[in-house]
Amino acid sequence: PKAAAAETPSAELDALADHETPRLKKRLIASLVFLAVLMYFSMGHMMWGWPLPHWFDGNHVAMGLVQLLLAGIVMVINQKFFISGFKSLWHRAPNMDTLVALGSMASFIWSVYALFAMTRAQVDGDSAAVMNYMMEFYFESAAMILTLITVGKYLESRSKGKTSEAITRLMNLAPKVAILVTEDGQEKEVPTESLQKGDIFLVKPGSLVPVDGIVLEGNSSVDEAAITGESVPVEKQAGDHVVSATVNKAGFLKCRADRVGDDTTLAQIIRLVEEASASKAPIAQLADKVAGVFVPTVMTISLITLIVWLISGATAEFAISTAIAVLVISCPCALGLATPVAIMVGTGVGAGNGILIKTGEALQQAKEIDTVV
């Protein structure tokens, strides 16, 4: 039984461990590395005159192939956007990932078409068409969209990870063992989880109070800073309440268990922190609702753009290129980045000033505060 009891907290701690942030960090670093190289090849030589290896001189097809390869790698690294986005589209519930996936995929497919068309023009010796098609490459846009949204996802996951760390630290406050007074008056060391309501337990000087209880005998001062933030130890005597995870400083206390397991003050604080980390700010919920309308609207506008240009006599290439531009420009990079960054910065600044913000909703409502008591 003791071994089983010892395994439970470690299993809980492992479940709370932040596994997502390290994965997102690796994805982000890899995306940034390949994006930087892609931007060097696609923009560097044109905008800033950065040097390129001599075998790229006049070799536009090779330039296109390098960009195709680098953008493809970034897309594979961030394949979760496409899986989530197209699944949501299939279930007729498009979300932000849908627009990210559509914008990036459309940019990539059009750029691949432009690359093949450019090779044809080069074979035909049409240098003007070659240069024109090279301007139609959107490989860097496809990769940039994915990388920017990954930044937002990483920051959001990191802020949740900090909450998980806070919960873990809270769980580590709870003492693992308690001194139980048996019916025949003997003292017995038992796992804290095994204490039942009504059990009599002892708290020796310097040890932690295992569960919430009522003092039956003894006088002492108890440091409750971990729970209440009160820096001065609180005097305890018969009839007073003691709280789990507080420190008995001086005297010897004999107590009766009042609240155990998930009913203790510490367990309730942990549950509140967990709920707070899972909650979304109203502005984030609004962003999700907007996505439900925004995504089909953008797709419709893109389709209308395509049809109008075709009707007006534009070439199919120009009409498709313009429709894709609508998809790419409408990609919700701001929504994907702004909300997680604002919440992370807001809670971070609060924590730095000793203010713990319980939920995203509380953070958003804080702007209404005009008096602090």
Side-chain angles (χ1 to χ4, degrees), residues 18-39 42-43 67-68 70-91 93-111 137-162 280-281 283-299 301-302 324-348 360:
D18 182 17
H19 302 294
E20 184 64 19
T21 303
R23 279 198 292 265
L24 276 169
K25 187 176 182 181
K26 286 179 185 174
R27 254 175 66 186
L28 180 58
I29 290 170
S31 299
L32 286 169
V33 168
F34 287 106
L35 177 65
V37 180
L38 174 56
M39 293 302 288
S42 62
M43 296 288 181
Q67 292 181 44
L68 167 70
L70 291 167
I73 292 170
V74 175
M75 290 173 80
V76 171
I77 290 168
N78 295 287
Q79 60 188 279
K80 279 194 172 183
F81 287 120
F82 299 100
I83 295 167
S84 166
F86 289 122
K87 266 186 182 176
S88 301
L89 192 61
W90 179 257
H91 294 299
N95 55 17
M96 287 302 177
D97 286 352
T98 306
L99 203 52
V100 171
L102 282 173
S104 181
M105 184 66 79
S107 304
F108 186 80
I109 292 171
W110 173 255
S111 302
F137 288 166
Y138 292 117
F139 288 120
E140 77 285 348
S141 299
M144 180 70 80
I145 290 166
L146 297 170
T147 307
L148 277 175
I149 301 298
T150 302
V151 171
K153 297 276 187 189
Y154 168 69
L155 293 174
E156 191 172 18
S157 177
R158 194 174 159 204
S159 64
K160 286 182 179 176
K162 285 182 178 177
K280 278 193 172 185
I283 193 71
Q285 293 170 352
L286 178 63
D288 290 341
K289 287 178 184 175
V290 167
V293 180
F294 183 66
V295 175
T297 302
V298 168
M299 291 169 67
I301 293 170
S302 180
I324 288 170
V326 172
L327 278 179
V328 174
I329 291 167
S330 302
C331 185
C333 294
L335 278 174
L337 280 167
T339 306
V341 170
I343 291 172
M344 189 191 78
V345 172
T347 52

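Keep in mind it's a predicted model, so treat the numbers as computed, not measured.
In this structure, CZ on Arg158 lies 8.5 Å from OG1 on Thr21, to the nearest 0.5 angstrom. Atom CE of Met144 and atom OG of Ser107 lie 12.0 Å apart (nearest 0.5 Å). Taking CD1 from Ile149 and NZ from Lys80, the interatomic distance works out to 16.0 Å, rounded to the nearest 0.5 Å. Here the CD atom belonging to Gln67 is positioned 8.5 Å from the CE atom belonging to Met43, to the nearest 0.5 angstrom. Considering CD1 of Ile109 and CD1 of Ile324, their distance stands at 8.0 Å, rounded to 0.5 Å. Ile73 contributes atom CD1, which lies 12.0 Å from atom CG of Asn78 (distance to the nearest 0.5 angstrom).
Qualifying side-chain contact (heavy atoms from CB on, under 4.5 Å) partners for Ala30, counting only residues two or more places apart in sequence or in other chains: Ile77. Thr147 meets the side-chain contact (heavy atoms from CB on, under 4.5 Å) test with Leu28, Ser31, Leu32, Leu35, Val74; sequence neighbours excluded. Among residues two or more places apart in sequence or in another chain, the side chain to side chain donor-acceptor pair (under 3.5 Å) test is passed with Ser84 by Asp97. In terms of the ring-ring contact (aromatic ring centres under 6.0 Å, His included) criterion, residue partners of Phe139 (sequence neighbours excluded) are, by chain and number, Phe108, Phe137. A search for side-chain contact (heavy atoms from CB on, under 4.5 Å) contacts involving Val37 returns Phe41, Leu70, not counting sequence neighbours. For Thr98, the side chain to side chain donor-acceptor pair (under 3.5 Å) partners are Asn95, not counting sequence neighbours. In this structure Ile83 satisfies the side-chain contact (heavy atoms from CB on, under 4.5 Å) test together with Gln79, Lys87, sequence neighbours excluded.
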Identify every side-chain donor-acceptor pair in residues 99-106 under 3.5 Å, counting partners at least two apart or on other chains, and give the distances.
| unit_1 | atom_1 | unit_2 | atom_2 | d |
| --- | --- | --- | --- | --- |
| Ser104 | OG | Ala142 | O | 3.1 |

- Task: Output, in order, the C-alpha distance, side-chain angles, deciding distance and verdict of side chain to side chain contact (heavy atoms under 4.5 Å, CB included) for Leu146 and Phe82.
- Result: CA-CA 10 Å; Leu146 297 170; Phe82 299 100; 4.0 Å; yes
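The closest side-chain heavy-atom distance from Leu89 to Met299 is below 4.5 Å.
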